[in-house]
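These numbers were taken from a predicted model, which means no experiment stands behind them.
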Amino acid sequence: MTEIVTIDKINEVWIKINCTDESVLIELYEHFTFEVPGYKFTPSYKTGAWDGKIHLYQLGTKRLYLGLLQKAIKFCHYRGYAVSLNNFPNQNKHVTLSQLKEFTDSLMLTSKGDPVEVRDYQENAIQQCINNNKALILSPTSSGKSLIIYCLVKWYQSILDDQKILIIVPTIGLIQQMYSDFVDYDSQYTTHIDTKMHKISSGAEKYNLEGIDIVISTYQSLTKESISWFSENYGCVIIDECHGAKSVSIKGIMEKTIHVPYKFGFTGTLDGCKTHHWVLEGLFGEVKRVISTSELIARNQISDLKIKALVLKYNEEDCKNNTKLTYQEEIEFIIQHPKRN
């Protein structure tokens with residue numbers, strides 16, 4: 001008899017996966033378990049307090065990140081298990097590229113006062129986000145990531161009634177950069193987006209934001225906010241440079257967005273670690289690669305480049321004399337080495 005795995009949507013962060021056969025759940029637990037790179041060197045592993053692994057599926061609560069739904073279904077089908085989905089309303093949109101172009105044209109985008117046209121790969125990224133409600137956008141340097149985010153913000157600004165859009169960036173400097181980019185893109189005589197934006201950092205107001213549609217904040221300023229603060233105020237969350245989601249703080253924030261239906265993560269790189277990749281997908285949704293750096297070079301949209309690597313090899317005596325140095329002492333030796341300098 002075929003085992004039936006039931007998957008229930010709990011909220012906008014978690015799904016619950018259950019089965020009458022406990023061994024199926026243990027298989028699932030092992031499938032979503034990964035060793036963390038460098039775990040053997042962490043104090044918690046050395047003291048035996050941690051096994052050095054991340055368990056994305058939790059046997060106790062039977063929960064898994066919503067963004068990993070398709071991976072869970074694929075696992076079940078591969079093992080020959082039937083899947084029963086519950087409480088998954090069809091919320092996906094079907095915005096066509098022609099409809100999207102009509103919308104972006106209506107924004108009258110500018111940069112330094114000159115008209116700007118949204119490029120094809122940027123339109124594809126925006127479409128992916130809108131049609132799926134959640135997405136992890138892989139967008140390399142110079143691909144116009146802030147323009148993609150701006151267009152998304154304008155889209156959700158037009159459809160969200162009482163709720164705001166929250167943009168989270170890693171540093172205070174990036175708050176100002178994002179703010180300035182949005183003002184630059186906004187047509188001078190139309191929406192005056194600067195009157196609808198608010199920046200949160202260094203103790204700025206977080207609660208009395210009447211008349212504000214867009215909030216830009218560092219994640220450090222939001223770590224202590226409650227689930228209700230996110231769900232009562234925000235309908236869309238966008239995280240720039242989301243590869244920082246390896247940090248406990250950003251994961252903690254995203255796990256509080258249980259009632260936020262629209263979530264998008266943007267990054268220029270995924271570090272190749274499967275654990276990191278799956279955590280990001282779990283929090284934001286499936287990966288959409290916008291364009292590669294080599295494609296941007298081929299289109300003459302960014303400068304070509306060559307990389308020359310200099311590899312310095314120290315002599316055997318230097319290596320031998322430094323085997324017992326601390327990390328800091330070794331760094332001091334390297335930066336003061338006359339031949340290297």
Side-chain angles (χ1 to χ4, degrees), residues 92-160 164-169 174-197 213-216 235-242 261-269 284-303:
N92 289 1
K93 316 292 186 305
H94 296 284
V95 176
T96 65
L97 285 174
S98 60
Q99 291 172 321
L100 192 58
K101 180 161 179 53
E102 186 180 342
F103 171 75
T104 55
D105 285 347
S106 73
L107 298 178
M108 300 169 60
L109 297 164
T110 60
S111 179
K112 298 180 176 57
D114 296 325
V116 172
E117 194 167 315
V118 180
R119 294 169 180 165
D120 56 345
Y121 62 84
Q122 293 171 322
E123 287 180 339
N124 289 333
I126 298 165
Q127 184 189 40
Q128 171 84 4
C129 292
I130 293 172
N131 283 345
N132 293 285
N133 298 336
K134 298 174 180 64
L136 174 58
I137 302 298
L138 190 55
S139 178
T141 303
S142 300
S143 61
K145 180 174 55 177
S146 63
L147 182 64
I148 297 171
I149 293 174
Y150 174 82
C151 291
L152 281 173
V153 165
K154 296 299 289 183
W155 178 275
Y156 288 104
Q157 193 181 15
S158 69
I159 67 171
L160 291 173
K164 310 179 196 308
I165 300 151
L166 177 63
I167 303 171
I168 303 175
V169 296
L174 285 175
I175 289 180
Q176 186 56 46
Q177 182 180 321
M178 186 73 72
Y179 183 95
S180 301
D181 285 347
F182 280 18
V183 171
D184 187 29
Y185 294 138
D186 195 58
S187 296
Q188 189 175 357
Y189 299 109
T190 54
T191 55
H192 301 290
I193 197 170
D194 55 313
T195 63
K196 296 292 184 180
M197 289 195 291
D213 291 345
I214 305 152
V215 175
I216 311 173
C236 175
V237 173
I238 299 171
I239 296 194
D240 191 19
E241 305 296 343
C242 72
Y262 310 117
K263 300 176 191 173
F264 311 107
F266 287 80
T267 182
T269 179
F284 298 103
E286 293 187 17
V287 176
K288 167 71 175 178
R289 181 183 290 275
V290 171
I291 196 169
S292 67
T293 301
S294 60
E295 288 174 289
L296 288 172
I297 292 171
R299 289 174 172 223
N300 294 319
Q301 289 176 345
I302 61 173
S303 300

Gln157: partners by side-chain hydrogen bond (donor to acceptor under 3.5 Å, both in side chains), with sequence neighbours left out: Lys154, Asp213
Given 3.5 Å as the limit, does a donor-acceptor pair link the side chain of Lys134 with the main chain of Pro261, or not? yes
Might you work through the side chain to side chain contact (heavy atoms under 4.5 Å, CB included) test for Leu152 and Ile126, ending with a clear yes or no? CA-CA 7 Å; Leu152 281 173; Ile126 298 165; 4.1 Å; yes
Sequence-distant partners of Ser98, side-chain hydrogen bond (donor to acceptor under 3.5 Å, both in side chains), two or more places apart: Thr96
If the condition is side chain to side chain contact (heavy atoms under 4.5 Å, CB included), which residues does Ser111 pass it with, not counting sequence neighbours? Val116, Asp184
Applying side chain to side chain contact (heavy atoms under 4.5 Å, CB included) to Thr141 and not counting sequence neighbours gives none
Between Leu109 and Cys151, is there a side-chain heavy-atom distance shorter than 4.5 Å? yes
For Ser106, the side-chain hydrogen bond (donor to acceptor under 3.5 Å, both in side chains) test, sequence neighbours excluded, returns none
What's the separation between atom CG in Asn133 and atom NZ in Lys263, rounded to the nearest 0.5 Å? 11.0 Å
For the side chain of Asp240 and the backbone of Val169, is there at least one donor-acceptor N/O pair under 3.5 Å apart? no
So Trp155 and Val95, do their side chains get closer than 4.5 Å, heavy atoms only? yes
Tyr185: partners by ring pair (Phe, Tyr, Trp, His ring centres under 6.0 Å), with sequence neighbours left out: Tyr150
Crowding at CD, Glu286 (>12 non-hydrogen neighbours, <6.0 Å): no
How many angstroms lie between atom CD1 of Ile214 and atom NZ of Lys164, to the nearest 0.5 angstrom? 10.5 Å
Residues Asp186 and Thr110: closest non-hydrogen pair is O-OG1, 3.7 Å
Heavy-atom closest pair (Ser139 atom, Lys145 atom, distance to 0.1 Å) is OG-CB, 3.8 Å
Can you tell me how far CD of Gln127 sits from CD of Gln99, rounded to the nearest 0.5 angstrom? 9.5 Å
Under the rule for ring pair (Phe, Tyr, Trp, His ring centres under 6.0 Å), what residues qualify as partners of Phe266, not counting sequence neighbours? none
Gap separating the SG atom of Cys129 from the CD1 atom of Ile137, nearest 0.5 angstrom: 4.0 Å
Tell me which one of Val237, Ile168, Leu166 satisfies side-chain contact (heavy atoms from CB on, under 4.5 Å) with Val215. Leu166
Residue list, side chain to side chain contact (heavy atoms under 4.5 Å, CB included) with Thr293, at least two apart or on another chain: Pro140, Ile297, Ile302
Under the ring pair (Phe, Tyr, Trp, His ring centres under 6.0 Å) rule, collect the residues that match up with Tyr156, sequence neighbours excluded. Tyr262, Phe264
Passes side chain to side chain contact (heavy atoms under 4.5 Å, CB included), Glu117 versus Lys101? Steps please. CA-CA 10 Å; Glu117 194 167 315; Lys101 180 161 179 53; 4.1 Å; yes
Under the rule for side-chain hydrogen bond (donor to acceptor under 3.5 Å, both in side chains), what residues qualify as partners of Glu295, not counting sequence neighbours? Ser292
Under the side chain to side chain contact (heavy atoms under 4.5 Å, CB included) test, which residues partner Arg299, sequence neighbours left out? Asp120, Tyr121, Ile291, Gln301
For a quick test of reading the model, state the closest non-hydrogen atom pair linking Cys242 to Leu136 and the distance between them. SG-CD1, 3.4 Å
Heavy-atom nearest pair, Leu100 first then Glu123, reads CD2-O, 3.2 Å
Rounded distance [0.5 Å steps], CG in Leu174 versus CD1 in Ile167: 12.0 Å
Search all heavy atoms of Lys288 against all heavy atoms of Asn124 and return the closest pair with its distance. CE-O, 4.1 Å
Looking only at heavy atoms, what is the nearest atom pair of Val153 and Ile165, with distance? O-CD1, 3.3 Å
Would you be so kind as to tabulate the donor-acceptor pairs closer than 3.5 Å made by side chains of residues 175-183, with sequence neighbours excluded?
residue : atom : partner : partner atom : Å
Gln176  : OE1  : Lys199  : NZ           : 2.8
Gln176  : NE2  : Ser180  : OG           : 3.1
Ser180  : OG   : Gln176  : O            : 2.9
Asp181  : OD2  : Ser146  : OG           : 3.4

